[in-house]
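Per chain, numbering begins at 1; letters A, B, ... match sequence-line order. Worth saying up front: this structure is predicted, and the values here are computed from it rather than measured.
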2 protein chains.
Amino acid sequence: MSLRHAILVLLQDQEASGYDLAREFANSIGLVWNATHQQIYLELGKLNDQHMVKFRHIPQDGKPDKKLYRITEEGRDELIRWLRKPAAPPRIRDAFMVKIAGGALSDSSSILRELDDQADLRRERLHTFEALAKKLDEQGREKDLFTYLTLRRGILDQQAWLHWADEVKTALNKREILSTSV
Amino acid sequence: MSLRHAILVLLQDQEASGYDLAREFANSIGLVWNATHQQIYLELGKLNDQHMVKFRHIPQDGKPDKKLYRITEEGRDELIRWLRKPAAPPRIRDAFMVKIAGGALSDSSSILRELDDQADLRRERLHTFEALAKKLDEQGREKDLFTYLTLRRGILDQQAWLHWADEVKTALNKREILSTSV
DNA sequence: TATTGCTGCGCAATCCGTTGAATAAGTAGT
DNA sequence: ACTACTTATTCAACGGATTGCGCAGCAATA
C-alpha cells in the first residue's frame, strides 16, 4: 500500500481537501500516478481514524462545505518510518505490451495505428512535464528539487517509451515490406 | 483487467498448465510483468467457466496430475476483440518515486543508499533482458519478433531508470556539499 | 429554460491482488 | 535419516482499487 504515503507527502507542505488532492493527482503527479476521488476520500477517512491527519470544517457559500486536511505529528512520524523502509520495485502492467506480445494475431496496421495514438498521448505528457520542469528550474527554489526530480523521472519515462515506439515501428514496417513483397 | 489477456496470449502457441504459466511469468515476461500462481489458477478457472480455454487432465506418475490448458475458438475471438480495443495508458505506481517526492523529510544519505540498492536490481534485470534479447536476435526466428520487442521495452525502461538514478545522485551530492559547506 | 460542467463529499458492490497455508509425492543434498 | 526443494493445484481471508451511483448547489452556455 502506498497511496496513503503519497497523500501524506502531498499534505507535507500544504493543507488540502480531498478534492484538492484528487486534482493534484489528476494533474502533475497524476499523469504518472493516479487515484480516483473515492479512493482518496476513503484513505483520508482511514488516515483520520488513525490520527495521521486531522481536518477542520470550512463552510463556504456558493460552494459546498469542505474539509481541509493537514498532517499530524503522528502522520509525519509514520511517513518518516515508511521512507526509511526499502521499497519494492514496481512491476509494469502495460496492456499495450501484452498486445505487442500477442501481435502475431493482429495485423501490423492496427498495431501501428494504436502505437501512433499512444505516442501522441505520451508526447503530450512529455511536453507538460517539460514545461513544469522548466518552470521549477527557473525559479530555482531549493525545496522544489524533489518535485523537479520526480518530473525528470516522468520525462525520461516518456522519452524511453517514444524511443521504443520508434523501434517497434521500424521493425513492423520491415516486416510489412517482407510480407507484401512475397 | 488484463492478466486474462496476458494468459490468452501465452496460450496462443502452446498448451500449458497453470504451473507452466506461473514459471513463464516468473521468467522472461514476469520480470516486467508479474503474477502469482494463485492468481493464475484463479484466472484460468474463470476463463474455463467462460469457455475461453479448455483443459485436459494429465495423470503423471511421480508428480501430481496436471491440467493442460489450451485456448478455444471463443478465447481467440475474445483476444482479437481485445487487441482491437484501444488500451488505457498504464499508471506507474512507483513507491520509490513517492519517496523522492517526499525527500525533503529524509536525509540524502539514506535516499542515496536505497537508490544504489534499487540500481543494483535494475542493472541485474537489464543484463537478464539483454541476454535473452541477444539470444532471440541470433536465432532470428520471425515469430519471436514480438517477444523481442517486449524485451526491448524492458531494456529501455531499465536504462531510463538508471539514467534517472544518476541524475538524482548528482543532484543530491551537489545539495550535500552545499549544506555541509554552510 | 434546459443541459452541461464544476466544486465537494460520500456509500455500496464487486473485482483484483497479495499473503498464507494446506496437500501430496518425488528428488537431491547433508 | 532428515531437511529442503520442485512439481502441481487449491482454499481462505483481507485489503486495495475500480465502477457505479447519489446528493447538493452554483455558474455558464445553448
| task | Rounded off to whole Å, could you give me the OH-to-P distance for the Y19(B) and dT10(D) pair? | result | 15 Å
| Between C1' of dG8(C) and CD1 of I40(A), the distance in whole Å | 13 Å
| query | Less than 3.5 Å between a donor and an acceptor, one on the side chain of H37(A) and one on the base of dG10(C), is that the case here? | reply | yes
| field | Selection from dA17(D), dT19(C), dG8(C) that lies nearest to any side-chain heavy atom of T36(B) | value | dT19(C)
| query | Nearest-Å distance, NE2 (H5(A)) to P (dG16(D))? | reply | 11 Å
| field | Y69(A) side chain near L21(A) side chain, heavy-atom distance below 4.5 Å | value | no
| Does S17(B) place a side-chain N or O at less than 4.0 Å from the phosphate oxygens OP1/OP2 of dT7(D)? | no
| query | Nearest-Å distance, CG (L44(A)) to P (dG8(C))? | reply | 14 Å
| How about T147(A) and D144(A): does a side-chain donor come under 3.5 Å of a side-chain acceptor? | no
| task | State whether a side-chain donor-acceptor pair under 3.5 Å links S17(A) with D20(A). | result | yes
| message | Looking at Y41(B), I'd like to know whether one of its side-chain N or O atoms comes within less than 4.0 Å of OP1 or OP2 on dT9(D). | response | yes
| message | Could you tell me how far apart Q39(B) (CD) and dC11(D) (P) are, to the nearest whole angstrom? | response | 16 Å
| Quick one: is dC15(C) close enough that its OP1 or OP2 comes under 4.0 Å of any side-chain N or O from K46(B)? | no
| query | How close or far is atom P of dA17(D) from atom CD of Q38(A), stated in whole angstroms? | reply | 13 Å
| task | Apply side-chain hydrogen bond (donor to acceptor under 3.5 Å, both in side chains) to the pair D107(B) and S110(B), showing each step before the final yes or no. | result | CA-CA 6 Å; D107(B) 56 320; S110(B) 71; 3.1 Å; yes
| query | Using a cut-off of less than 4.0 Å, is there contact between a side-chain N or O of R23(B) and OP1 or OP2 of dT7(D)? | reply | yes
| query | Between Q50(B) and R4(B), is any side-chain donor less than 3.5 angstrom from a side-chain acceptor? | reply | yes
| said: At less than 3.5 Å, do the side-chain atoms of E43(A) and the base atoms of dG16(D) form a donor-acceptor pair? | reply: no
| message | Counting only side-chain heavy atoms from C-beta out, which of dG10(C), dG8(C), dA8(D) sits nearest to D20(A)? | response | dG8(C)
| Rounded interatomic separation in angstrom, taking CG from L42(A) and C1' from dA17(D) | 10 Å
| said: If I take atom CG in residue L47(B) and atom C1' in nucleotide dC16(C), what distance separates them, rounded to the nearest angstrom? | reply: 14 Å
